[in-house]
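Below is one structure; the comments refer to it alone.
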Amino acid sequence: MKLAKGFKGRGGKIFSAAIQRLEKSYQHAYVGRKLKKRRFKSTWIMRLNASLRIYGIRYGVFIEKWRKSDVIVNRKVMSELAEKEPFSFKSVVDVILKTSS
């Protein structure tokens with residue numbers, strides 16, 4: 001019942017209803033942790049795409065060339081570079097575009 005404290009209606013007062021609500025809340029929490037990862041990845045992709053468009057490069061083309069190059073950096077780091085260090089980001093993009101050709 002301590003874990004069900006704050007639930008609305010019967011979910012916080014009746015033992016059997018509290019158990020059901022807790023099980024459902026655990027399911028929602030599990031799904032939420034997966035969705036959090038998905039949302040962060042899509043945010044990184046949007047940041048990269050916006051930053052690459054400044055240089056006239058499409059995201060899909062860039063990813064294809066990135067995979068062919070020897071640069072080992074993930075999307076998170078690349079999006080942070082694009083946001084906080086645009087000159088460093090541009091140099092990494094140039095390296096990726098040159099090595100993949």
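Heads up: numbering here begins at 1 and tracks the sequence.
Considering only heavy atoms from C-beta on, D70 stays 4.5 Å or farther from T99 through its side chain. Using a 4.5 Å heavy-atom threshold, the side chains of V31 and H28 count as separate. Residues W44 and M78 form no side-chain contact, since every pair of their non-hydrogen atoms from C-beta on lies 4.5 Å or further apart. The shortest side-chain heavy-atom distance between L52 and V61 does not fall under the 4.5 Å cut-off. In this structure, the side chains of V73 and W66 come closer than 4.5 Å at one or more pairs of heavy atoms. A heavy-atom distance below 4.5 Å is found between the side chains of S25 and L22. Side-chain contact check for V77 versus N74: some heavy-atom pair is nearer than 4.5 Å.
Atom NZ of K65 sits about 11.0 Å away from atom CD1 of I96, to the nearest 0.5 Å. The CD1 atom of I57 sits 4.5 Å away from atom CG of L97, with the distance rounded to the nearest 0.5 Å. The distance from the OG atom of S42 to the CG atom of L35 is 10.5 Å, given to the nearest 0.5 Å.
Residue pairs meeting the salt bridge (charged side-chain N to carboxylate O under 4.0 Å, His left out) criterion with at least one member in residues 29-38: none, sequence neighbours excluded. Residue pairs meeting the salt bridge (charged side-chain N to carboxylate O under 4.0 Å, His left out) criterion with at least one partner in residues 71-85, sequence neighbours excluded, are R47-E83.
Residues Y55 and S51 approach most closely at CD1-O, 3.4 Å, considering heavy atoms. The shortest non-hydrogen separation linking L48 to S79 is CD2-N, 4.1 Å.
The residues K98 and D94 are annotated as not salt-bridged, no charged nitrogen and carboxylate oxygen being separated by less than 4.0 angstrom.
Note: the hydrophobic cluster containing Y59 does not contain F40 (ILVMFWY, side chain heavy atoms under 4.5 Å, direct or indirect links).
With sequence neighbours left out, F89 forms a ring pair (Phe, Tyr, Trp, His ring centres under 6.0 Å) with no residue at all.
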